Every structure is written in C-alpha cells, then in structure tokens.
Amino acid sequence: MDVQVIRSTRASNAALVLALVWVVFAATLPLWGESSWKREMVEFSCYFIFAMMWNLLAGYGGMVSVGQQAFFGLGGYALLVLADIAGLNPFVSVVIAALLVALVAVPVSWIAFRLQGGYFAVGTWVIAEVFRLTIANVPAVGGGSGTSITALRGISRAMRENVTYWMALACVIACIGGVYLFLRSKEGLALQAIRDNEVAAESQGIAVGRMKLVVYVVAALGCGLAGALYFVGNVRISPDAAFGVNWTAFAIFIVVIGGIGRIEGPIIGAVIFWLLNKFFADYGTWYQLGLGVLAIAVTLLFRQGLWGWVQGKTGLTLFPTQRLLKVEL
Amino acid sequence: MNMSEQILQTQNLQAFYGDAQALFGIHFALHRSEVVAIIGANGAGKSTFLKALTGLVKAPADAVRFKGQAIGGAHPGDIVRQGMALVPEGRRLFASLSVEENLLMGATPGRPGPWTLERLYAMFPVLKEKRRNPSGALSGGQQQMVSIGRALMSNPEVLLCDELSLGLAPVVIQEIYAALPAITADGMSLVIVEQDVSLAQRVSQRLYCLQEGRVSLEGDSQAVTREQISQAYFGL
Amino acid sequence: MFETLIQGLLLGGLYALFALGLSIMFGVMRLTNIAQGDFIVLAAFVAVALAAQLGSGIGLTLLLLLPAGFLIGHQLQTHLLNRTMGKDPLPSLVVTFGLSIVIQNALQEVFSADPRSLDSGGLNTASFALGDMSIGVLPLLIFAAAVACTVGLQWLFARTALGRSFRAVSDDPEIAELMGLKSWRVYAMATGIAFALIALAGWFQVLRTTVAPTDGPMLLLFAFEAVIIGGMGSFWGTFIGAMVLGLTQQIGFTIDPGWGLWLGHMVFLAVLVVRPQGLFPKTRG
Amino acid sequence: MSSTPLLTLEAVSKRYGALTVTDNISLSVHRGETLGILGPNGAGKTTLFNLISGDVRADAGRIAYEDRDITALKPHQRCRAGIGRSYQVPQPFGHMSVFENLVTAACFGGQQPEKEAWHTAVEVLEKTGLKVHANQPAGGLTLLNRKRLELARALATRPSLLLLDEIAGGLTEHEAQELVDELRRIKAEGVTMVWIEHVVHALLSIADRLFVINFGAKLAEGLPQDVMNDPEVQRVYMGMEA
Amino acid sequence: QSGSTIKIGYVSPQTGPLAAFAEPDKFTLEQLKKATAGGITIGGKKYAVEVVYKDSQSNPNKAGNAAAELITRDKVDLVVASSTPATTNPVADQCELNSVPCITNDTPWQPHFFGRKGNPKVGFEWTYHFFWGLEDVIGGLTSAWSQLDTNKTMGALWPNDEDGNAWGDAKLGFPYALAQKGFKLIDRGRFQSPINDFSSFISEFKKNNVEIVSGVLPPPDFANFWNQAGQQGFRPKIVTVPKATEFPAAISAFGDRADGLTVEVWWSPNHPFSSSMTGQTSKQLAEAYTAATGRPWTMPLGFKQSLFEVALDALKRSADRSPEAIRDAIASTNLNTVVGPVNFKKGPVPNISKTPLVVGQWKKAGKGMELLVVDNSLAPNIPKQAALQAIKYA
Ligand SMILES: Nc1ncnc2c1ncn2[C@@H]1O[C@H](COP(=O)(O)OP(=O)(O)OP(=O)(O)O)[C@@H](O)[C@H]1O
Ligand SMILES: Nc1ncnc2c1ncn2[C@@H]1O[C@H](COP(=O)(O)OP(=O)(O)OP(=O)(O)O)[C@@H](O)[C@H]1O
Ligand SMILES: [Mg+2]
Ligand SMILES: [Mg+2]
C-alpha cells in the first residue's frame, strides 16, 4: 500500500526560497548597512526570540506563562557573571549563559509543573519575582541598584557591533529553523496532542511530563539567550529591568497580534511591533496607550491574530507542520 | 382537554451551522399529552432539530410555533419560561454545583407545577442520597437522571429528551421509561430522540424518522413496519 | 511577636480586599484580570476627583464610588469582556493587560504622574491602644471590611439563587441559557460586584497612602497570590490566603526587611508545591 | 485456560473520600479472550479501566501485566507496554486531523517511526470507516465519529490488550452489528479485549466471559449464559424481578 | 552628519513612576529653543540646534536603548540626560561605549560614578556629570539636625535601589559619617520597595527611641510609613525623606501631615544664581515656569535648565563639531549656571562637578506648603530663610 502524505505547500516552498535570500541579504548587512540598523536588528532579535519562545511554550505547549522574564533576566545576569566577574570573552559568555539558564530551568520546572492553567501563569510570575528579589539581595552583582557590564569597554565599536549582529542573526535563524523542524517532527505531534488533551495524550503513550520538560527547558534556553544578547547591547543591568514583567507582556503582545500557535505569528508580530516602535515611540504616553488599544482591538477583532486572519482568507501557510493524507476517492 | 390540540408545530424549519445547512424544511407537529419519538441515523439532524426548537440554534420566527406563538429564534431562556424544556445530549450538568443545586437550577424559570425536589427524589432515590455531592463525581447514569430531573424542575408543558438511554444500564433505562407515563399523566407532552428503534416504537404514539436533515418517514408508531423504517434510515 | 502577628493580620486584610474582586472574576468567568490593580488605582483617582469636584466628605465619596464601580464593571463586561469569554484564557488575559496599559497612560495624561491622596480628616493616623500596643483605626476598618465582604460574598455565592447562577454559568453558559439565564447578564452582574469591591479597595488605598498612575501592577501580584493560595473561586480561601501572605511578609520584614517579600513568595510557592489546587479549592454549596 | 493470564488485578481498591469505588477487586484476563464488564451506572467500571490504564492510581492492591508488576507505571508506559484504551467520553486531540490523531497514537503508543505510523494510521482509518474524514479536525466530528476515533486511536497504538469503554452506545442496530464484526476481526488477530458495555446484546455476541461489578465489588463472574442467568445479576442490572 | 545642524540627544523619564522629574522638560526645551533661535557658532561656523527628545519610560533598559538609538540612528553630536541613576547611568554607559560626549545631572555623584564602576584615578573618557554628593547631603542634614536638641538617634529607611544603596553604603554613605558625628544609627537593612507595611520598622524605631528619621523613599512608601507612624504613635522630631518630599505635588498629597518635613534642597527660587542661557535669575525662572504652565516651581526645573546651559556653553567653545573637540570643551567647562558654578576639573573625582546643597523645611503657608531654607552651612551664599523646627503633633 502506498501512503502519500503532503507536508508542504506551494507557498511554503516559495517562503523557503525567500527566506534563503533574506538570510544572505541579512548576513551581509554589516558590509553595507548603517550601524543603527545593526543595533535595531539586535534589539528586535531579542524581542523576537523571546516571543518565539513564548509562542512555543504557550501556543504549542499549552503552558501560558507570565514568568518567562525569569530566564531573560537570568541570561543577563549569567552574562554579567561570566564576562565581568569570571573574565570570559563576552560573546562566548552569551552562549554559555544561555546553557546555564537552561540548566536552572530544570529544577524550576519541578515547582512550575505542579501548577496548571491560571495557577501556572501566576506561579511562574512569582518564580520570576523570587529570582528578582534574590538577585537584588546579592551585592556582588550590584544588588538592587544594578551595575554596568564593563567587559565590552575595551572592544572596538565596529567589532562589537558586527559580532553582536551576526550572533543575533544566527540566533534568529536557529530559533525559527529549530522550532520549525521540531514542530514538524513527531515530537511536534506529541506537543500538539498535549495541548489538546493532556490526559488522552498520556494514555496514547506520550511521556507528557518529559515532553513538557523539554519544551520548558528549550524555551528557557531561548529566553536566556535573548536576555544575554540583549545585555551585550544594553550594557546596564538591574534586577527590576531584567526581570520586569513587561518582557513577557511584550512577548504576549507580539504573539497575539501575529497569531498564536503558528510560527508566522511572532514573525509578523515582531515586524509590526518594530514598525510601531519606529514611528510612534516618541509619542510617549499616547504611544503606550495606542499599543494597549491595539492589543485589545486585535484580540477582539482577529481572534487568531493577523496571520490567522490572512490564513483564514487565503489558506496561506508558510511553515506547514500538518500532515495531509492524500486520499484517493 | 382536547387531545388533538397541537401544542407545537414547525413549518418548513431550516437550520444552519455557519454556512452548512443541517435541516432542510422540517414539518412537525406535537399534540398535548402525546409522546413522539424521533429516530434517524447519526448525523441525521435530530439533535439539531431539538436545538432549533429550544433556541440553541437559530431559526426563523414563524418556523416554530409553540402554543400558537411564533418562537423560532427566541432566546432559550424565554422559550423555557413558556414551557418547553430540553434534556440535552450528553447530560451537560453543572459540574461545580451539587446535585440538588443542579436540580434547583432547573427551577430558575419559576413555573409552578407538580414537579418539586420531593417528587423527583421519590422517582430517583439515588439522587436524594447524593444530593450534596458535586455532580461531576456521579456516574453516567446518575448524571442522566439529574439531567432529566433538572429539565422537569421547570415544569414544562413539552419536554424534549435527546438520547435518553445513551450509556445507561438496562435497569435504569427501564426505570426511566417506566417513569414516562407518570410524567405525561399531568398533560405533559414528550419528544424523545431514541437510537433504539424498538424501544422508541414501544413508548411513543407517533414517530418521525429523519434522514440528512429531512423527514423521511412519519407515522403511527405501532403501524410503521421494520422495512419502512430501515428504508427511511438509509434512504435505500 | 504578638504585635507582628496583629500587624500581619491587618496587612492580610488589605490584601484580601485587593483580592476579592479578582477572586470573583476568576471564579465566575475564569477571567484573569491583569488590570485589577490599575482599576483600583483608577477608583482611587476617581475618588480624589469626586472629592475635589463636589467637595464631598469621604463617606459621601464612597457612597458615590460604589455604584459607579458597579456600573463601570457592568458596562465593561457587557461591551468588552463578554467578547473575550470562552475556553481559551488568552483573549481576556490580553484584553485586561491592554486595559492596564491604557489606564496607566490615560491617568498619567489626565492627572499627571503626581501621587494623590484623599484627605481622610485624620482617620489615616487615628489609633487606639491595646495593651502597650497601638492599633490604627484605618487598618482595622480595612480588616473589618474585608471580613464583611468575604462573609457577604460567601453567603451570596453559596446560599442564594444569584450565587448558584454565577456558578452554573461559569460551568456551562449554553446550558445555563436553557435554564432561563442570560449568561452575559450574569457575567455583567459578577463583574459589577467585583468592581464595586475594586472601588472599595481603591477608596481605602487612597485613604491609607498616596496613589500614582503607575502603582497598579504592584497591587496585583499580592492579590493574585492571595487568590491562588486560597484556591480559586473560594472566598474564605482568598481571605485565608491573604492572611497567610500578610503574616509571612510581616514575619519576614521583622526578621530582615530585605527578604520579607521574598519570604511571602516562597511561602506561596511552598503552599502550591504541597497543595497545587490551593488550600480551599472551589466554592461548594 | 492454562497459560498465565495477560493481566492480573490482585485485591485492587480505590476510594474517593468516604466512597469506595473499587472494592478489593481481583481479576484475570487471559490471552486472546474477550472479557465483558457489566454493572449498573456508577458501579465503578470506568474507574476499573482508569486503574488498569494508570489514569488513576490504586490505593491498594497490585496490577500485573505480562508477568510484570505495572502498579507504579505511568499511563504512557502502560500504553507502550501494550495496553490501549478508549474513553467513555471521547477525548480526541481536537485541533489535529483524524489522521494525525492516529499517527500520534502509532508513533508514541505503538512506538513506530513516523513513516510506518502513517501506514498503521491508514490501515486503521480503513478498518474503522474514518478514511473520508482523514483530514478533518477531530474536534469537528459528530459524536458517533468521535467514538469511532476513540476505537481507532486505541487500535493505532497496536495494543495487545484493548480496553473499550461503551463504544456501542448510541449506535443504530445496523451500526452496532458492524462494530461487532469489526471487533471480531480484531479479536481474530489475537488482541485481548476488555469491553464495558450497556448494549448487552452486542456484548453478548462476542464476549467469552463476563465480569459484573456492583458498588465497586465483584457481583458475578463466569461464562456469559451463566452470568446472565444469575438471579442477582438479573435483579441488579437487568431490572428483572426474580 | 546633517550639514549645519547640531543635534543634542536628550533622555528623560517622561512616563512611568519617575515622570515627576521630567515635568519641566517641555518648558525647558521651549526656553532652549528661544535661546538658540538664531543658531550657535562652533569653530567659526554657524549651526542650528536641534534636540532629539527620548523617553526612558523610567526604565533603565529603555534609557540605554534610547541613548543607543540617539547615537546610531539620530547620530547626535552630544547626549544629555538627567533624573536619577535609572536614567543617567545607562545613558552614560552607552555613550562611553560608543565614544560620544555626554553630560548628565540630577543623580548624586557617587551612585553615578561608582555605580558605573568608575575608577577615581582614571575617570571616564566621554561622560561628565554634575550634582551634589552624599558627603554634602550628610553634612547638610546633620548640620541642620543639630539645630535641634535631640538624642541624635536616627532611624533609616533606605530601600534596595540605586539611591537607597548609595545613601546606606557602609563606607561612602551615611553609616560611617553619622558614626563620625556622634549619631546613633538604627538601620534595619535595605528593603524591597514598594512595601505595604512599615510596622516592623516603626516598632524597632520606637523601641530605640528614634527621634530623627531619614531615608530615600518613593511617595507611596513614605505615605505608608508616615500614616502608620501616626497610627502606631511614633512621633519623631525630625523627618527627612528626599524623593517623596521633593515635589510640591507629592507634598500636597500629604496635606497637613507635610508640615515640618525636611528635605535637602538642590535648587530653589531662593538660590542666588542666574542662567547663562537666558539670563533669568532663579526667581525669574521659577516665575516664568509658573506663568507658562500654571504649576508651582520644582527642583528639577533648575537642573534641566543648567543641563542645557552646560551643553550650549561647551558646544560654543568647541573647536569643531567632532566628538573629541566637544568632549574637550566639556572637560574644560567653567560656567556659572542657575544651579551654581560647574567645573569638571574641580570635582572630587575626574569628570564630576559638585553643585551646592542646602536643607529646607516644608512649612504651612496659607492653603499650601512652602519650602524654606533652614540650613546653609555648606553653601553660605544661599540665604537661610528660617530656623529648623521640630515637627508639631496635634
Ligand atoms: N456544532 C456544530 N457545528 C457544525 N456542524 C454541526 C454541529 N453540530 C452538528 N453539526 C452537523 O449537523 C448535522 C446534524 O447533526 P445532529 O447532531 O443534529 O445529528 P443527530 O441526528 O443528533 O446525530 P447523533 O445521533 O449522532 O446525535 C451533522 O451533519 C453534523 O455534522
Ligand atoms: N473523581 C471522582 N471523585 C469522586 N467520586 C467519583 C469520581 N469519579 C467517579 N466517582 C464515583 O465513583 C463511582 C464509580 O464511577 P464510574 O465512572 O467508575 O462508574 P461506571 O461504572 O463507569 O458508571 P457508568 O456506567 O455510568 O459509566 C460513581 O459513584 C462516581 O460518582
Ligand atoms: Mg444527536
Ligand atoms: Mg463509565
């Protein structure tokens, strides 16, 4: 018997080509671009990676967390410790910091996984607060006042900007590619099954606990990476800012606007967020107010986010993860 | 009381789920104190029909007339206040309410009548035992009893029952169907959706068979034959 | 030690008052109101504006504030939040989060960033002696109000038809409609009550301290913790949760002020690890 | 029945508060047989399944499967060991297509690589008549098809022990007959089955043995005709006065 | 770089909890616009002046970002920033990293300098800062407190943030200096702000018979403390809580209970200086502000003005518009501003210039409160207006 399963669409093939073109284009940017573009790209990479991880956790893993800033902040502080205190190369430190954060996520998951639904959301937030308050009581990393990361002061501006930029770009590509491949694999199936019905998933042979742990740790790794990367660019770190709940708030904003539970979502969302920030950020209070109104409006009018809406109208899927059985009738 | 008085009719009732049409012009009538059975294959539209009667699925106003009034598309709450109650498919109890509170919820429309907690407990003694238990912790059959009881508490003139016997032990099915005469004795009319055709024939006076959203057979329950029914089921 | 205990309970009373509105909305609608704190702050500003405009005393201000709170909650639910209801908790999370940002910035635009307070005519510093301890009248009033509200809500939910309908609609809105309820009205009623409590909390907050437009979020987390320690949807649970939180924080402050909040959070997490469903899950009749 | 039993329950008990829902039940299921479980509503039948599949932990007693103590295993481990189950109230993965539901079950429960899982899924689709719905989201299926999916998904895990909880409820006579035929074929493949069913005639047409539960405890056990003639069973379950 | 326009980037907390500090911003920028309407001359060339104004949202991340954006996108020639370490430190760090000249103020110099891991022997290359230091506030306050007859026991309220940690620092902050001056300090350690209950502090203060309370608290924290002190019968003679009591609006929120509170004064209409940019005296500046906005004067007003005074002065003296030239011009600043003289060569450490500090007390005046200078021991040129009085309790 010949079983045919369709896993790509014409749009997705086109998107793949476009993505390759974009990668080449983006990778050469330091050769011809402005340094402000690099900086913006790095900053929004951090937002994007963070949002992507939140989407993985909430949109695919069904774990709506309001506490991912815990790992963002830890990533930043790990960078501080590695680069400033231990004296490692700051760029190498970014990677090690992310791995360390993933390690921390393992015991943290033990507490977080005791909770479900709304309890999980608030519980993770409190965990993030515990990290914030703990770090704020450690004078070696600046306590509640925070401190400056000085490891980059000796490095030349061009070198620092380019390396940071390429790192950010590599992280973004790895993030999109990794999540996409993961969701297409059979683990992706398990993840979706868990999101739909945890009890049934367990009884169909899926090791729900382990699967959630993997997702949680991967998301923590990504958030830690985003955090470390962010503070390489923004050399001042303090507990309130590093562990601020607005990191997660922005991630939610980005994901919801773009469309949750789809890879296109955070991409679209991050682009919109970037545009809004670029053109309206100087309006202060009104800009913030507008963001709030926009989040409300999109939620009410486009339940599935903007991409979900486009998809509903056109059937377009750039990152297909489903398996379509070809049935001859 | 005039036995032939029609308490409920539908005229060319159509119903949709979004763009998909589920009912294609149903003509139906129910008399006072009558028991009518609705049978039909899965997906034939039986549940949809009951939902359209009770306002859970929208219908044109004139398509449904209850006690002479056009009630198609009215709010379910208004319909139940006028005296038509539904025992929904799949029980659908309020999980965080106790058994007794579930029953009391049925009394929300505030219609006077013979059905009270005492009378229900007399009919289903298990429920009295479990009246303080959360309804979520009941077995399937016990839940079905609560669901029926809840509908009865509104003292309806027409009671619609969707798949009453689904998942019930024979002993309970017997109990429930044995209780039907007591229920209709007060002049209540019944519409029963039933999968077990012979049971449906036994307890009802007339029956309708639906097929793909249309009435494919209508007649006196005792008079219709097996052949007619299987033809009506599958449209052979 | 005794003093720490008393002060801890009084602090718990404050948290309970912050938390009860949240508990209602959690319980009836599975709605996580991220803007809870901001609405408390909004109520506080409205109280200040009312007092300034009408020159009314604090009592009259409250009298106006409570129905206004109810009305705002009712309308908010009817026109906005009802459209976010459903199995998925995310839409309401995002909408209330959006509201939180809108309120903060709108308040700042209208009232500027300055902190405000309501002149309580000495109530905020009044006290009476208990042994060699002196206890504030206002904290005691807050505590009493929290107890009264808890008793009232518990009675309302567990013993009245309205309470039953709250729970029924929260379980299965479609079937509740079959029983003759209009679920959006029930929701609006619940949110109205929650917002009357928010108004009360805002009024007390602006009497006991100053309030600035961006204070909202800090009020939220403790309210959350109280609700969850207690177990969502149970009012005595929320009250006890608030007490646990107030007490641990107070004990923490007494031991070392740097670790007081930390200890509160740790106890919260510990409770959840031991009893993930909270201490008193779910109201039952 | 000389071979060692496939599944053995030894004095298993489960309580919810003051209510004992499984009361000291001992039970053996032999390889290849089909065991029917009967009992009034609320007797504890579904709970018994939950105990076997691991969804609910036993308070006391021991459960052995293929000579291995599985009392402490997690549900997914028991599934991989070969215990497949369906749920009385269908629990589909609502946002996934029917096909993907089955691929998931085959991949994880059946521990097959993805490509093989596709084949298994298609086989099962054909067997259960769900092929026309293969690419539909499972959440949009009718109740009947959801029940079919329950069976299909359990089959896709390629179980050697199949636990079926009321899969014939709501079927027309014709459909029930088709279902029984299908189960016969599965049985012929050597799959051991335990079937809870209130549609007694369907159950009787296939069961080798019956086990009757009342108030969480065993009421009767034995060959179908013996059990059905037991006056106690007739009174408690069938509602016939002796 | 845009042809004949000099760009100054300005970062300030327009929104968020610190927004009160940025209240005079719009007015100050108006003043600057008028003063530079005809352009300025740098190295013999005429330039228009443009200010790019960025919001830090009271968040250090945003402040750092804003500075980076000013540098890379807007390509400003000079960055200025003010109002608390949460804004000035990240901005200065970005400038140092990207080799862009930077002037900041309104942060005590120790948290600015040491908080950024500055080395007193070397200093910074690109970033300059002027404000008073902890030694000033300690000296000023202790001198003011000594006007009254107290038991010299002080209770501390220092939160775990940039300011609180600096004030409470064992070596650089109050503890060491107070011990030197014979004060007894009751310090329970840094606490996490916001905090809803101060009773553990109050009972400790009562137990130790504290007569002076000092700390750096945000308004809600102080309101909590002050109300609970009333409830629990704690009646210190002197209460000096900067931040919470620096702003007229915050003070009016305390009503009568503000009467008698003391605060360090960094600028007031009473300061005998005038602006190098507009020629206004302190008093005229305050009056112009009230006339334009309808609001009472506030301390940041003077410092916002002086920030741009120093910036303009440096630009005008710069040899050309290169970053190095502008930096060198800043380094050689010697200017009399509306907050006093600024000279980065004379600082306690490199890159820092100190401005004078006095101590004031809020006194009831008609319906509102007015701030009167009660101690000028560190800056005798600023006239003292009244003597310190103990807080009166009903
Ligand atoms: N919520 C819904 N959304 C879309 N289509 C629906 C919905 N519910 C039912 N349908 C469709 O409407 C048709 C009639 O369904 P209905 O549930 O009324 O059938 P039924 O006769 O009650 O079947 P069963 O015996 O399985 O209960 C079916 O084709 C079904 O797929
Ligand atoms: N989670 C629970 N908490 C408390 N009691 C429960 C719980 N689950 C089931 N019960 C009780 O256990 C008993 C057995 O339930 P079970 O679902 O096993 O019955 P069953 O035999 O499958 O009934 P049915 O034939 O109606 O499905 C019932 O009385 C039920 O009320
Ligand atoms: Mg149906
Ligand atoms: Mg069962």
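Just so it is clear, the structure is predicted and the values come from calculations on it, not from any experiment. Lettering follows sequence order; numbering is per chain, from 1.
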Kindly check if the number of other-residue, nucleotide or ligand heavy atoms within 6.0 Å of NZ (B/Lys128) is above 12? no
Max heavy-atom pair count under 4.5 Å with chain C, selected residue of B/Asp78, B/Leu56, B/Leu86: B/Leu56
Looking at C/Arg185, I'd like to know if its CZ atom is crowded, meaning that more than 12 non-hydrogen atoms belonging to other residues, nucleotides or ligands lie closer than 6.0 Å. no
Take B/Val80 and C/Leu178 through the side chain to side chain contact (heavy atoms under 4.5 Å, CB included) test and state the conclusion after the steps. CA-CA 7 Å; B/Val80 72; C/Leu178 261 186; 5.8 Å; no
Contact part of B/Pro88 toward chain C, heavy-atom cut-off under 4.5 Å: side chain, backbone, both or neither? side chain
Can you tell me which of B/Arg150, B/Arg81, B/Glu100, B/Met153 forms the most heavy-atom pairs within a distance under 4.5 Å of chain C? B/Arg150
Rounded to the nearest 0.5 Å, how far apart are OG of B/Ser96 and CG of C/Asp172? 10.5 Å
In this structure, are over 12 heavy atoms from other groups packed under 6.0 Å from B/Glu212 atom CD? no
How long is the span from the OG atom in C/Ser165 to the CG atom in B/Leu97, to the nearest 0.5 Å? 9.5 Å
Only one of C/Arg167, C/Met179, C/Arg164 forms a side-chain contact (heavy atoms from CB on, under 4.5 Å) with B/Phe94, so which one is it? C/Met179
Pick one of side chain, backbone, both or neither for C/Ala168, based on which atoms fall under 4.5 Å of a heavy atom in chain B. both
